*Asks:* 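Just passing along the structure, written as structure tokens.
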Amino acid sequence: MSCDPFEWTCARCGKTYLHPFFVSYPREFWKDNKKRVGDVCEKCCAEIDDENVRRREAVARDARD
């Protein structure tokens, strides 16, 4: 990690971003079989949100049956 104030690393995928206007998103996610909280990139944010929607829909579908 350099001393560049704009550099940050995605907590989920580990990719380093240098762009000062890149947006990070605080999210809960699973990594190495542990639940973690951290700033994630836009790609990981979309994957996490999609997984949560599918999980909610599956639980609702099971509750109806």
Side-chain angles (χ1 to χ4, degrees):
M1 192 88 176
S2 72
C3 57
D4 184 4
F6 299 120
E7 182 176 313
W8 68 276
T9 304
C10 176
R12 185 171 181 245
C13 67
K15 186 174 178 183
T16 301
Y17 293 91
L18 300 173
H19 196 279
F21 300 109
F22 197 85
V23 179
S24 63
Y25 302 90
R27 292 286 188 271
E28 286 185 346
F29 57 93
W30 287 89
K31 183 176 181 181
D32 300 328
N33 292 329
K34 294 179 185 174
K35 194 170 197 174
R36 302 187 185 212
V37 177
D39 289 336
V40 298
C41 62
E42 190 170 349
K43 180 182 173 197
C44 290
C45 176
E47 290 174 4
I48 292 168
D49 291 347
D50 185 48
E51 289 172 5
N52 290 340
V53 167
R54 284 187 286 148
R55 188 174 297 121
R56 264 195 314 267
E57 289 173 352
V59 168
R61 191 173 30 244
D62 289 343
R64 282 186 286 158
D65 294 340

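These numbers come from a predicted model, not from an experiment.
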*Asks:* So which atom in Tyr17 and which in Cys10 form the shortest heavy-atom distance, rounded to 0.1 Å?
*Replies:* CE1-CB, 4.3 Å
*Asks:* Supply the atom-to-atom distance Trp8 CH2 to Thr16 OG1, rounded to the nearest 0.5 angstrom.
*Replies:* 9.5 Å
*Asks:* Are there more than 12 heavy atoms of other residues, nucleotides or ligands under 6.0 Å from atom NZ of Lys31?
*Replies:* yes
*Asks:* Using a 6.0 Å cut-off, check whether atom CD of Glu42 has over 12 heavy atoms from anything other than its own residue.
*Replies:* no
*Asks:* For the residue pair Ile48 and Glu28, what are the closest heavy atoms and their distance?
*Replies:* CG2-O, 3.8 Å
*Asks:* Supply the atom-to-atom distance Asn52 CG to Glu57 CD, rounded to the nearest 0.5 angstrom.
*Replies:* 11.0 Å
*Asks:* Could you tell me which non-hydrogen atom of Phe29 sits nearest to which non-hydrogen atom of Val37, and how far apart they are?
*Replies:* CE2-C, 4.2 Å
*Asks:* Just how far is it from atom CG of Asp49 to atom SG of Cys44, taken to the nearest 0.5 Å?
*Replies:* 11.0 Å
*Asks:* With a 4.0 Å cut-off, would you call Arg12 and Glu51 a salt bridge?
*Replies:* yes
